[in-house]
Amino acid sequence: MEKQIKSVRGMRDILPDETRRWKALESLIFRVLESFGFEEIRVPIVEELKLFQRSVGSFTDIVQKEMYVFKDRGDRVLALRPEATACVVRAYLEHSLNEKKRITRLYYSGPMFRYDRPQKDRYRQFYQIGAEIIGGQNPYFDAELIIILAKIFEKIGVADYVFEINSVGCNQCKTSYSAKLKQFLQNRASHMCQDCQTRIENNVLRVLDCKVVSCKSIIKEAPVIQDILCQGCKAHQETLYRILDNHRVPYKENWQLVRGLDYYTKTVFELKISNNDNAVAGGGRYDNLVHELGGPETAACGFAIGMDRLCNMISPEIKKDITVFVVFLGEKSLQQGVKIVNGVRNDHVRIVADYTDRSLKSHLKSADREDIQHVLILGENELQQESFLYRNMKSGYQTMVKFSELSNFFKGLENA
RNA sequence: GUGGGUGUAGCUCAGCGGAUAGAGCGCCAGACUGUGGCUCUGGAUGCCGGGGGUUCAAAUCCCCUCACCCACCCCA
């Protein structure tokens with residue numbers, strides 16, 4: 001026998017039982033987003049590598065060591081998207097959506113790719129549902145995103161969630177803070193881990209959430225961005241907090257929170273559930289990105305929900321649709337019965353049959369195993385009476401259903 | 001990328017140098033010829049993750065490799 005081909009490392013199959021739960025969560029999230037006026041956009045999985053280098057940042061871990069990069073047959077240097085905000089902004093500019101509306105609210109859903117080492121809740125192909133508000137500058141837009149997430153999690157029935165929020169400042173704040181931090185750290189670099197030493201040069205802010213103990217103690221003494229934020233950034237942040245307070249959204253400030261994508265400005269946030277350390281959603285403001293990608297100065301913000309994590313954490317039992325199992329006994333009933341059944345199928349009742357010639361007993365066993373309540377049996381006797389024998393597997397109730405009544409019978413099941 | 005753990009039947013796992021590799025659950029069949037679940041009886045199924053080595057003998061010991069899990073890192 002040939003060796004079994006298995007799924008590629010970090011990639012996985014989402015089987016029907018799990019897919020059913022995914023779909024339920026997805027449609028709930030979509031409904032909330034739609035209710036806030038967001039519209040769905042579908043963007044490609046493959047983009048030019050440059051897009052992510054410019055947006056996410058060349059020195060970020062995501063771009064530097066986690067991206068799937070390849071050349072196509074036309075020698076284009078491409079990447080599988082590691083996140084979708086850059087793609088959405090690219091599409092927004094490419095199609096001049098800025099000309100059509102002042103505030104553009106978009107959402108997307110689909111797979112992202114990062115070449116991480118796989119483990120629980122971390123896959124190389126993972127799914128995000130994200131939302132972006134492009135064109136909105138004041139903190140009410142930031143708040144809207146957070147409130148949407150809060151709403152989603154309440155609807156899902158998750159009570160023990162909390163947002164961690166920080167401000168990384170506007171462009172000016174960011175640069176002056178980075179400079180200050182760099183200066184502070186450079187003297188102490190020799191006491192810090194290898195990663196941090198390179199971070200100091202390439203991406204200072206990342207040092208802040210280093211987990212190495214020796215680094216942590218140094219970071220404690222480091223200047224805090226809160227002390228450097230300009231009036232505008234401070235006001236933005238305080239207004240945001242006030243709005244969230246009014247909405248009774250559970251959050252806490254986390255001055256160490258720095259996200260791994262360079263485009264963030266001012267507000268950044270993550271959403272965590274109970275004692276789970278992994279964030280299930282994260283986002284923030286990115287007021288420079290649209291401009292950096294060649295568009296006009298445009299404020300924007302967004303978030304993304306990690307669907308794999310979300311679905312692994314909560315598992316609502318979803319009822320299957322009504323299903324009818326049809327049993328044909330003998331060649332003649334199979335021939336005639338299949339035709340009759342196919343003639344009256346509708347979109348609301350699932351009708352399944354095992355056309356195999358097996359004993360009634362084993363057919364019923366199959367139905368039972370699949371937890372199917374309704375069974376129709378067609379054998380010699382029934383054929384003569386132009387009827388199916390209906391059996392309810394739960395109650396044991398049985399009755400004859402005329403061929404001519406079959407369609408109505410299915411309708412009756414729907415309404416029951 | 002770093003460190004640790006685990007890969008044996010469809011599933012959960014036992015066996016840890018010795019014979020034809022096991023259990024529970026599941027599956028198939030029969031008892032019950034056209035009525036599932038309960039019970040009883042019988043049956044099928046394994047490149048013991050893959051490759052190499054040590055040995056008279058390897059699922060078992062050693063090396064390599066692949067995959068999964070956990071932690072770090074990073075992130076959603």
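Just so it is clear: chains get the letters A, B, ... in the order the sequence lines come, proteins before strands, and each one is counted from 1.
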_In this structure, how many angstroms lie between the P atom of A71(B) and the CZ atom of Arg122(A), rounded?_
10 Å
*Can Glu132(A) and Thr85(A) be counted as having a side-chain donor-acceptor contact under 3.5 angstrom?*
yes
_By the 4.0 Å heavy-atom rule, please label Ala281(A) as base, sugar-phosphate, or nothing._
sugar-phosphate
*With sequence neighbours left out, which residue pairs that include part of residues 138-157 of chain A fulfil the salt bridge (charged side-chain N to carboxylate O under 4.0 Å, His left out) condition?*
Arg105(A)-Glu144(A), Asp142(A)-Arg285(A)
_Protein proximity profile, nucleotides 29-43 of chain B - base contact B, sugar-phosphate-only contact S, no contact -, cut-off 4.0 Å on heavy atoms_ = S--B-BBBB------
*Which pairs, with at least one residue in residues 32-52 of chain A and sequence neighbours excluded, count as a salt bridge (charged side-chain N to carboxylate O under 4.0 Å, His left out)?*
Glu39(A)-Lys101(A), Glu40(A)-Arg42(A), Glu47(A)-Arg90(A), Glu48(A)-Lys50(A)
_Nearest-angstrom distance, P atom, C13(B) to U8(B)_ = 9 Å
*Could you tell me the separation between the CG atom of Asn278(A) and the P atom of C74(B), rounded to a whole number of Å?*
12 Å
*Rounded distance in Å between the C1' positions of G15(B) and G46(B)*: 15 Å
*According to the interplanar angle, ranging from 0 to 90°, do the rings of Phe328(A) and Tyr355(A) count as parallel (below 30°), tilted (30 to 60°) or perpendicular (above 60°)?*
parallel
*Assign Asp116(A) to base, sugar-phosphate, or nothing according to its heavy-atom contacts below 4.0 angstrom with the strands shown.*
base
*Can you check the Asp357(A) CG to C28(B) P distance for me, whole Å?*
16 Å
_G-U wobble or Watson-Crick pairing nucleotide for U2(B) (cut-off 3.5 Å, both distances)_ = A71(B)
*Do Arg345(A) and Asn342(A) have side-chain N/O donor and acceptor atoms under 3.5 Å apart?*
yes
*Counting Watson-Crick and G-U wobble pairs only, both distances under 3.5 Å, name the nucleotide matched with G18(B), or none.*
C56(B)
_Output the rounded distance in Å from CD (Gln119(A)) to C1' (G5(B))._
13 Å
*asked:* Using whole Å, what does the distance between atom C1' of nucleotide C74(B) and atom CD of Glu66(A) come to?
replied: 5 Å
*Under a 3.5 Å cut-off for both distances, is G7(B) Watson-Crick or wobble paired, and to whom?*
C66(B)
*Polar side chain donor-acceptor pair, Asn166(A) to Gln226(A), under 3.5 angstrom*: yes
_Quiz question: by atom type and distance under 3.5 Å, do the side chains of Gln125(A) and Tyr127(A) form a donor-acceptor pair?_
yes
_Watson-Crick/G-U partner (both atom distances under 3.5 Å) of G43(B)_ = C27(B)
Review item, nucleotides 65-68 of chain B N/O atoms under 3.5 Å of protein N/O:
| residue | atom | partner | partner atom | Å |
| --- | --- | --- | --- | --- |
| C68(B) | OP1 | Gly10(A) | N | 3.2 |
| C68(B) | OP2 | Arg9(A) | NH1 | 2.7 |

*May I have the distance from Met67(A) (atom CE) to G1(B) (atom P), rounded to whole angstrom?*
17 Å
_C62(B) versus G7(B) - spacing of their P atoms, nearest Å_ = 13 Å
*How far, in whole Å, is G18(B) from G36(B) if one measures between their C1' atoms?*
47 Å
*Could you measure between the two P atoms, the one in C63(B) and the one in A21(B), and give it in whole Å?*
27 Å
*C1' atom, A23(B) versus G37(B): distance in rounded Å?*
24 Å
_Measuring only the C1' atom in each nucleotide, how far is G17(B) from C74(B)? A whole number of Å is fine._
44 Å
*asked:* Check this for me, if you would: do Asp354(A) and Arg358(A) make a salt bridge, where the nitrogen-to-carboxylate-oxygen distance has to be below 4.0 angstrom?
replied: yes
*In the strands shown, is C32(B) matched to any nucleotide by a Watson-Crick or G-U wobble pair with both distances under 3.5 Å, and which?*
none
*To the nearest angstrom, how far is Tyr115(A) atom OH from G1(B) atom P?*
6 Å
*Examine the side chains of Tyr251(A) and Asp245(A) and answer whether a donor and an acceptor come within less than 3.5 Å of each other.*
yes
*Taking only residues two or more places apart in sequence, or in another chain, which ones meet Glu26(A) in a side-chain hydrogen bond (donor to acceptor under 3.5 Å, both in side chains)?*
none
*Which residue pairs satisfy the salt bridge (charged side-chain N to carboxylate O under 4.0 Å, His left out) criterion with at least one member in residues 332-341 of chain A, sequence neighbours excluded?*
none
*asked:* Taking G52(B) as the reference, what is the distance to G43(B) when you measure between their P atoms (whole Å, please)?
replied: 36 Å
*Pick base, sugar-phosphate or nothing for Tyr123(A), based on heavy-atom distances below 4.0 Å to the nucleic acid.*
base
*Taking CG from Asp262(A) and P from C74(B), how many angstroms apart are they, rounded to a whole number?*
14 Å
